[in-house]
Each structure stands twice: as structure tokens, then as C-alpha cells.
Number of protein chains: 2
Amino acid sequence: MAGIKDVAQRAGVSAATVSRALSGNGKVSPATRARVQQAAEELGYVVSFNASSLASGRSRNIGVVVPTVSRWFFSTVLEGIAGELISAGYDLTLYDTGGQEQHRVSVFSDLLLRKRLDAVITVTLKLSDNEVRQLASVDKPVVAIGGFIPEIATIRVDDFNTTALLTEHLIELGHTRIAFLGGSEEFDVDFKLTTARQDGFEYALDQANLEVRPEWLLAANFTTEGAYRKIRSLLSMPRERPTAVVCASDEMAFGALLAARDFGIDVPGDFSVVGMDGHDLSELFGLTTFSQDARSQGIWAVRKILELLGERELERDPTDGFYPTEFIARSTTAPPPRP
Amino acid sequence: MAGIKDVAQRAGVSAATVSRALSGNGKVSPATRARVQQAAEELGYVVSFNASSLASGRSRNIGVVVPTVSRWFFSTVLEGIAGELISAGYDLTLYDTGGQEQHRVSVFSDLLLRKRLDAVITVTLKLSDNEVRQLASVDKPVVAIGGFIPEIATIRVDDFNTTALLTEHLIELGHTRIAFLGGSEEFDVDFKLTTARQDGFEYALDQANLEVRPEWLLAANFTTEGAYRKIRSLLSMPRERPTAVVCASDEMAFGALLAARDFGIDVPGDFSVVGMDGHDLSELFGLTTFSQDARSQGIWAVRKILELLGERELERDPTDGFYPTEFIARSTTAPPPRP
DNA sequence: CTGAAAGCGCTTACAG
DNA sequence: CTGAAAGCGCTTACAG
């Protein structure tokens, strides 16, 4: 495999000049540059990343930490990140913690510190104070998507207010018996968004002088299956049923819709459902929801990182305030049935 | 940040000994090893991957090339790969081509050759002869999941026969008017599985002396939305309708089910649907399908790679023959309606 | 079992 | 604008 010396020899210049011509750092005459490029092409020369990184201290490699890639939000954010990174000529090192504490520890103590990464993007990862300190001490740019992390630039939507608005939408339709389906305890390690959404829900009820009924505060694991099971058992209870449910994600809302269908309960006639995300399938399900553009959150995270690395200017700072969201009323919400 | 020399000094040994003690290569006395480990820990020393890779020629970094991470099969395979790689102490470099030819080119000409990777796993990626040659010339282990690639170890399910069996299941129930929903041309670049599945479908019809009707050979882009649209227009046609559809993926089958529901067509009473995959949601939808364990395909791809890298022995070779699949009959299939 | 030394393949002041 | 040389932080024959 051709090395920089081979190219230098073929082009009749020094290795230093080859490096400068190919990287764009430093001045090289156009004629020389052309000769070098030609020689490199002929030899099929590709720079050794390891050698280049070692010598320069920069890796052109960004770490991305996600709790899982099998949920809509994460895979969509990841696609946005991946596309933007490829365009910028950066590598993407993926850390899927699988929600396992053990894997998170190794990610932080080892991988992130191995100097192979120029920067890190974390997605809805809740960090301990200690981890924040570790990240800070490494002195590499970090951008977080989803969960707020002190001292770190964060892209996030307004979980509290969007959920409150969704809840108010139901209240305005006349609902007074409203359930909430959030994430489970177990997942709160990584997905800290649950509490903000639940807070927004409770706030809206409170504003309307409606009581929060503990037995209607449900938790699943952000999956459609989990939600299906929870809503199924909610609907099968003999006692008084809620007439609507606020789900903390669209994927859980799908589970709620399927459960209602299997129970022969008419949506929205007998039961209203709202979600949160703007999942690709929300339109097919006719789901009323708040949409957030996950893909572009990923893209903007990369842009912010590149800015922090001094690669480019930012037209606007995505970590400034809340990321835009949009309320979309569709056909899973209606006034509650007459008693 | 502490380097190897700092550790050497603190432990009172040479850098060479530190390297041997920490990496496990070469003999080191237990006492020395303990001292080195202690010193490393106290200093918070972490080896520089770049330097280590450059010196040793090995990166502990595996490249994974996927067409997208936003479809069930890919994200599930990726999770399997990611977990197994973390356990083995390897990094995962993700290349999401986004189905774009442009990105694939840069992946192959640049990224894979930059010597930063020890091996590559490709997922349902159709490679040109030229690309196969490129990969071979780099002389790094490659394992493919999904699509068959000449000269490369491949983990794959029997697309032809599973689809044929699914089709025969419908035929045995009495169906004679059966449609097929495969992938679109556009996607065949990356997803070469479409043709094998369609071939299996046509073979089964042929065996039963049933005619393949071109107007019932449909193609979507492997998404639920795409399938919804296709099936919707199929069902809205005034002329003779099929009584069943074979979908080349579960996600497309979901679209078919939702379309039927929105048309007030009873499944399975008036219309039968079969999928292919064993998607997490297939049980909720009651979908009859062939399940394949995508996660463990990812895990086994990693194990095969590690074997090729000389890291471990394999109990069984996943690239040997077809990966196991399982037929699961559920409630979306039944005899066709009486005419 | 351990150390001194060469070398991995680049990048980047420094000097011209 | 270009080259000679040092250096990035490790690993690994080689010698003992």
C-alpha cells in the first residue's frame, strides 16, 4: 500500500510538501499541488488516519453515544448525524450503551478518553456530576441532544410545555379523566425526559383544577409493545376508565391505539390518544401529536460540533433556547363520549 | 494527560515493560505487572489508540456499513453488533450510506482504506465486482450480512425458500389470487434481497399452476408508509382484487394491514397478509410471518470477524449455510372469502 | 523477565 | 513556496 514517501518520490517533492498539498494546510504552488494530486491518485494513496491523527492531534472522528438505536428518535437523530458527518469527511464512532450501566462506564472511562475522538455527541444521556467533570477535563467539544446537561451545549425540545399543551388540547375538548403514559423508572437513567413531560402533564391538569389520579399515571419502556400492555390492562379495569391518554412518545401512542382497537373501543369516539414526536408513522395512524424534527437535530448537533472544532461558522446556534416543535391535530382526539 | 512514560517512571520500569504489562503481550513478572497497573490507575492512564494502532498495525476498530439505520432489520442487526463489539473492547465505526451512491463511493475509496479499520461488516450491501476487488486487495476480514457477495463470508437467510413457503401457506388455505409487495428498483442497489424473495413467490405460484399477474407485483421502498399507499391503491381498484398479499418485510405488512383497516376490509376474513422478518411488532399485529433473529445475526457476524482476526475460536460458523428462520402462523391469514 | 532502540507514517515549526 | 528534521506515543524484534 502506497505511503506518503511513494507519492513524494513520484511527484518529485518532499513528504512534507505532499502532506501540505493533500491536506490543504500551508502554501503549495498550484503546479506542485496538481503534480502531487496526480501522483497520489495514480498510486491510490490514502493517508493513514492513525499516523495523521498522532502527528496532528486531530482525528476527524466524532463519538456518538446513544442508549439504543432501535427507537425512532435515536435512529432518526443518528441518521441526521451520520449523513452530516460523512459530508464533512468525519468518521462516526458509535457507542450504543444498550441502556446498560456497565457499558456506559466503559464508554466513559476508556473509549472517550483514548484520544481517538475529536468530540462527542450524546443523545438523551443522563450524566453524573462525575462524568460531566470527566468530559470537561478531557477538554473536547461535547454537544448533547435531548436531556439537559449542566455546562454542556444542549439541543432539546420543550418537553414540559409541549406536553402541557397536548394535555390542554384534551381538556379543551372536554376531557376530565386523562391518563398519562410515561417511561419506566428503569429507563430514567438514560432518558431523563420522562419527568419533564410528566411534570407538564400534571401542570396542565392542575391549571384546570383537575385531579392527578395516581392509578392513571402509567409507565412503559417507550416501546409500542410495552404501551400496548399497559393500556390494555388500563382499559380492562372494571372501575372508572379515563377518556383519554397522553403518551410520552408516538411509539407508545401506537401501542395505545392498537390496544383500544383490540378492545373494540372506538378512537376517538370513546377514547382519545395523543402522542409526542412526529414519528414517520404518526400520519398513517392519524395521531394527534407534537412533532419534532429529529433528523435535523442530529444535523445541527454536527454543525455545532464543527463550529466548536473551529471548522465553520454557525448561522444560528441550535443550543440556543428550545428546538422548534409543531402541534399537529389529527383524528385520534375528539370530545369525550356523553356519560 | 498521562502518557506511557509517566507510568513507566512511576512504576520504576521502562516504557516497553508498561506496554507489555498493560497489553498482555509478552512476559512480565506478576509483581511488575501489579506495580504497573497500579501506577496506570493512579495516573488515570489510557493508551493512545492512534499511537498504539500505528505501532502495532491493529486498530481494534471495526467498520459497519449499513444502507440506513431507520429500518427494523438494520437497527436490530446494528444493536447486536454494537453490544458484542463493546464486550470485545472494539470500537465501531458506522457508515450509514443513506442509500446514496455518492456516500457509498466515498466509503469505499476512502474510509475503508484509511487503515483505521481492522475489518468490515457490510449489511445487505450489493457490491460491484470492482468493490469486491478493492476489499480483497486491502486484505482485511469482511463479513456480509444479508446479501450474498462472491468470495465473502456471508450470513443470510434463505430468502427464496422462506418466501416460497409463505406463499404456499396461502395457497394451501385456498388462495389463488395473491399479490406480492417487494422493494422498489431504486433500492435494489443496496437491498438485493428483493429479487430472491420475489423469485420464491413466483416459484410457489408456478408450482401450484397459478398465474403470476404483473399488475399484482407491487413495489414499495420497504417502509410502512410506502406499503400503505401501494396496498391502498391496489384495494381501491375497481377490477378484480387479490385475496392475499405476500409482503417482503413485516414493516410493509403493517402498512398493508393499516390500509385494509382504513378501507373497512376485514383481515383475515376478506384479505390475508403475510410478512417476513419477525419484527418486534409483528406479534401485536397478529401477523403471520417468517421470523429471523436479526440481533443474533449481528452478534455472530462479530464473532466471525473476531475469528478471522485470530481472536477466538468459533463454535459454529454462521456463514455456513443459511441462518435459521421460523415460520409463525398468526391471525392475519385465513381461507379466502367465498366468491 | 526486562531495557534500549528502531520504527510505525504522518505533520509542522523552523530555516531558507 | 519548499525541504530536512524532530516528534506524535506507542509496540516489538533484538539482545541480554
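Here is how names work: the chains are called A, B, and so on, in the same order as the sequence lines, proteins then strands, and each is numbered from 1.
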Trainee: Show me the side-chain donor-acceptor pairs of residues 302-312 of chain B shorter than 3.5 Å, one per line, residues at least two apart or across chains.
Mentor:
residue: Arg303(B); atom: NE; partner: Glu84(B); partner atom: OE2; Å: 3.0
residue: Lys304(B); atom: NZ; partner: Glu307(B); partner atom: OE1; Å: 3.4
residue: Lys304(B); atom: NZ; partner: Asp317(B); partner atom: OD2; Å: 2.8
residue: Glu311(B); atom: OE2; partner: Arg60(B); partner atom: NH1; Å: 3.3
residue: Glu311(B); atom: OE2; partner: Tyr90(B); partner atom: OH; Å: 3.0

Trainee: For atom CD of Gln9(B), is the number of surrounding heavy atoms from other residues, nucleotides or ligands below 6.0 Å larger than 12?
Mentor: no
Trainee: In whole Å, I'd like the distance from the CG atom of Leu54(A) to the P atom of dC10(C).
Mentor: 12 Å
Trainee: How does protein reach along nucleotides 11-16 of chain C, written 5' to 3' as B (base within reach of a heavy atom under 4.0 Å), S (only sugar-phosphate), or - (no contact)?
Mentor: SBB---
Trainee: Go through the steps for Phe74(A) and Val69(A) under the test side-chain contact (heavy atoms from CB on, under 4.5 Å), then give the verdict.
Mentor: CA-CA 5 Å; Phe74(A) 304 108; Val69(A) 296; 5.5 Å; no
Trainee: Evaluate the criterion side-chain contact (heavy atoms from CB on, under 4.5 Å) for residue pair Val47(B) and Ile4(B); output intermediate values, then yes/no.
Mentor: CA-CA 7 Å; Val47(B) 65; Ile4(B) 198 171; over 6 Å; no
Trainee: Side chains of Thr154(A) and Thr319(A): closer than 4.5 Å at any heavy-atom pair?
Mentor: no
Trainee: Which residues in residues 34-42 of chain A have a heavy atom closer than 4.0 Å to any atom of DNA chain C?
Mentor: none
Trainee: Between C1' on dC1(D) and CZ on Arg33(A), what's the gap in Å once rounded to a whole number?
Mentor: 11 Å
Trainee: Go through the steps for Leu92(A) and Ile62(A) under the test side-chain contact (heavy atoms from CB on, under 4.5 Å), then give the verdict.
Mentor: CA-CA 5 Å; Leu92(A) 187 173; Ile62(A) 309 293; 6.0 Å; no
Trainee: To the nearest 0.5 Å, tell me how far Arg156(B) CZ sits from Tyr323(B) OH.
Mentor: 14.5 Å
Trainee: Go through residues 6-13 of chain B and report each residue with a non-hydrogen atom lying under 4.0 Å from DNA chain D, sorted by number.
Mentor: none
Trainee: How close do Asp118(A) and Pro141(A) get, counting heavy atoms only, and between which atoms?
Mentor: O-CD, 3.3 Å
Trainee: Would Asn61(B) and Phe49(A) satisfy side-chain contact (heavy atoms from CB on, under 4.5 Å), going step by step from the backbone distance to the final call?
Mentor: CA-CA 12 Å; Asn61(B) 192 175; Phe49(A) 256 40; over 6 Å; no
Trainee: How far does the C1' atom of dG16(D) sit from the matching atom of dT12(D), given to the nearest Å?
Mentor: 16 Å
Trainee: Find the distance Arg116(A):CZ to dC10(D):P and express it as a whole number of Å.
Mentor: 14 Å
Trainee: Are side-chain heavy atoms of Ile152(A) and Thr122(A) found at a separation under 4.5 Å?
Mentor: no
Trainee: Locate the shortest heavy-atom distance separating Tyr45(B) from Gly3(B); write the atom from each residue and the value.
Mentor: CE1-C, 3.5 Å
Trainee: What salt bridge (Lys or Arg N to Asp or Glu O under 4.0 Å) pairs are there with at least one residue in residues 31-54 of chain A, not counting sequence neighbours?
Mentor: Arg10(A)-Glu42(A)
Trainee: Sort by first number and list every stem of DNA chain D: at least 3 consecutive Watson-Crick or G-U wobble pairs, both distances under 3.5 Å.
Mentor: C:1-3 with D:14-16, C:5-12 with D:5-12, C:14-16 with D:1-3
Trainee: For Arg60(A) and dC10(C), give me the distance from atom CZ to atom C1', rounded to whole Å.
Mentor: 15 Å
Trainee: To check you understand the geometry: which heavy-atom pair defines the closest contact between Gln297(B) and Ile155(B), and what is its length?
Mentor: O-CD1, 3.6 Å
